[in-house]
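Written below as structure tokens is the structure these notes are about.
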Amino acid sequence: MSRRKKPPEPVEEAPEETAPSPSRAAGGCVLAALALGVTAALFAALGTTAVLALWAVGAVALRRAARSVPRAANPAPPPVPEGAGNTNTQFTVVEDRPGHCTVVWQKEGS
């Protein structure tokens with residue numbers, strides 16, 4: 001007979017106290033505050049030139065966004081199959097027995 005090995009008993013360690021890691025939202029808020037601070041400093045120091053620089057940055061960003069749209073983002077609809085362009089589909093609802101309706105489809109040539 002073979003003996004089964006007993007698994008070693010886990011050693012209990014004292015729980016380590018770790019500081020919570022900063023979240024992405026906190027980092028985003030810090031970056032937004034820094035950007036606003038730099039912008040405010042530029043407006044205070046440069047005045048009208050800062051306004052013109054802001055307009056230039058906005059125009060460049062808008063142009064870059066407009067140029068990055070893929071050409072096939074909204075393709076034209078596929079062509080109509082031959083002979084299907086002249087047909088008109090109509091339907092009629094018929095009550096064939098009480099409480100039961102049937103839809104009758106018809107294609108008409110125009």
Side-chain angles (χ1 to χ4, degrees):
M1 280 202 252
S2 65
R3 291 186 174 204
R4 291 187 182 168
K5 293 183 180 179
K6 293 181 182 179
E9 293 182 19
V11 178
E12 292 185 28
E13 297 178 10
E16 295 179 20
E17 292 185 21
T18 58
S21 61
S23 67
R24 289 183 184 219
C29 288
V30 169
L31 287 177
L34 286 175
L36 286 174
V38 168
T39 304
L42 283 175
F43 275 102
L46 302 176
T48 307
T49 308
V51 173
L52 293 175
L54 184 65
W55 274 97
V57 168
V60 168
L62 184 62
R63 180 180 170 146
R64 184 174 180 201
R67 289 182 60 192
S68 68
V69 175
R71 299 284 182 230
N74 191 9
V80 178
E82 208 171 298
N86 296 334
T87 61
N88 191 8
T89 305
Q90 294 182 348
F91 67 93
T92 308
V93 179
V94 180
E95 187 176 7
D96 52 357
R97 51 182 195 253
H100 186 268
C101 295
T102 304
V103 178
V104 180
W105 293 92
Q106 298 174 346
K107 287 190 176 184
E108 293 182 354
S110 306

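Trp105 is linked by a ring pair (Phe, Tyr, Trp, His ring centres under 6.0 Å) to Phe91, counting only residues two or more places apart in sequence or in another chain.
One finds the OG1 atom of Thr39 at 10.5 Å from the CG atom of Leu34 (value rounded to the nearest 0.5 Å). The CG atom of Leu46 lies 10.5 Å from the CG atom of Leu52; values are rounded to the nearest 0.5 Å.
A continuous path of Ile, Leu, Val, Met, Phe, Trp and Tyr side chains, each step under 4.5 Å between heavy atoms, connects Phe43 with Trp55, placing both in one hydrophobic cluster.
Counting only residues at least two apart or in different chains, side chain to side chain donor-acceptor pair (under 3.5 Å) contacts with residues 92-101 comprise Asp96-His100, Asp96-Thr102.
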